[in-house]
Amino acid sequence: MPSPLPEPTASPQSGGGLRGFFRRQRDDLIRDAFLGLLVTLAAFAIAAVWDQRMAARQERIEVERSTRQEILENTRFVREMSLTDGPKPLRGLLLRGAELSGLDLTAAELTAADLAGATLYRTDLEGAVLTDADLTGADINQANLAGADLRGATLSHAGLIQSNLTEARVTSADLSGAFLDRAHLQGASLVDADLTDASLRDVDLTDTNLVNAVLTQADLTGATLTGAFLDGATMAEVCYDHSTAWPRGFTPPADPVCP
C-alpha cells in the first residue's frame, strides 16, 4: 500500500499566517490607527473646550452672584446711613440698579460710586458729593440735588425730570441723552458739560454757566436761559421755539432743528 502524500505547507514566500495577513492589510491598519488617533485627540480637545466653557460659565455665575450680594449689602448699608444725622461715607460703593428712592442722602459722600441704573426717585441729595460717579440711565426724577457736586459724573440717558439742581456743580459732566424736562438749574455750573441730544424742555437755566457746553441736537423748547452764560457753547442743530427765552443780546441759531 503506497504511503500517503504529505500535506502541503506554506512557505515563507506564500504569504500565509499572521505575517502575511499583516503584510496584506498593512495600509488599512495604518490608516485605521491614524484615524483612531485623530478621533481620540479630537475627543480630548472637545472635552477640554467643554470643561473650559463650563468653568467660565460657573465663574460668571459666581461673579454675578457675588455682585448681586454686594449690591444688596451696600443697599442695606446706604438705607441705614440715610437714617443717621452724621456723615454718610459712601464713596466708591457698588450700587448698580439699587432701589434708593426717597432716602435722605443730604451731603452724602458718593464720589466714584457706581449708581448706573439705580432708582433715586425723589431722593434728597442736597449738597451730596457725586464727583466721577456713574449714574448712567439712573432714575433721578424729582430728586433734590441743590448744591450737589457732580463734576465729572456720568449721567448719560439719566432721568432728571423736575429735579432740583439749583447751584449744583455739574462741570465736565456727561449729560448726553439725559432727560431734564422742567428741571431747575438756576445758577448751576455746566461748564464743559456734554448735553448732546439732551431733552431740556421747559427747563429753568436762569443764570446758569454753560460756557463751552455742548448742546448739539438738544431740545430747548420752552427753556428759560435768561442770564445764562453761553460763551463757546456748541449749539448745532438745537431745537427751540418762540417760547424759548434767550439771554439778552444772544442770537440763537438761525434755523432750529426739531424732530
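Any value given below was found using the heavy atoms of this structure, including those in side chains, with hydrogens, waters and symmetry copies removed. Computed from a prediction, not measured in an experiment: that's the story for all the values here.
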Engineer: What residues, two or more places apart in sequence or in another chain, satisfy ring pair (Phe, Tyr, Trp, His ring centres under 6.0 Å) together with Phe250?
Structural biologist: Trp246
Engineer: Report the residues that fulfil side chain to side chain donor-acceptor pair (under 3.5 Å) with Asp192, sequence neighbours left out, ordered by chain and then residue number.
Structural biologist: none
Engineer: Any donor-acceptor pair under 3.5 Å linking the side chain of Asp255 with the backbone of Val257?
Structural biologist: no
Engineer: How about Ser199 and Asp181: does a side-chain donor come under 3.5 Å of a side-chain acceptor?
Structural biologist: yes
Engineer: Under 4.0 Å between a side-chain nitrogen and a carboxylate oxygen: does that hold for Arg201 and Asp219?
Structural biologist: yes
Engineer: Do Thr206 and Thr224 get their side chains close enough for a donor-acceptor pair, meaning under 3.5 Å?
Structural biologist: no
Engineer: Taking side chain as C-beta onward, heavy atoms only, is Gln186 less than 4.5 Å from Asp207?
Structural biologist: no
Engineer: Determine which pairs satisfy disulfide (SG to SG under 2.5 Å) with at least one residue from residues 230-259, sequence neighbours left out, and list them in order.
Structural biologist: Cys239-Cys258
Engineer: Verify whether one side chain among Thr111 and Thr131 offers a donor that lies under 3.5 Å from an acceptor in the other.
Structural biologist: yes
Engineer: Kindly give the heavy-atom pair with the smallest separation between Ile140 and Leu135, and that separation in Å.
Structural biologist: CD1-CD2, 4.1 Å
Engineer: Quick one: are Thr244 and Leu225 in side-chain contact, heavy atoms under 4.5 Å?
Structural biologist: yes
Engineer: Any chance CZ of Arg248 has more than 12 other-residue heavy atoms, nucleotides or ligands included, within less than 6.0 Å?
Structural biologist: no
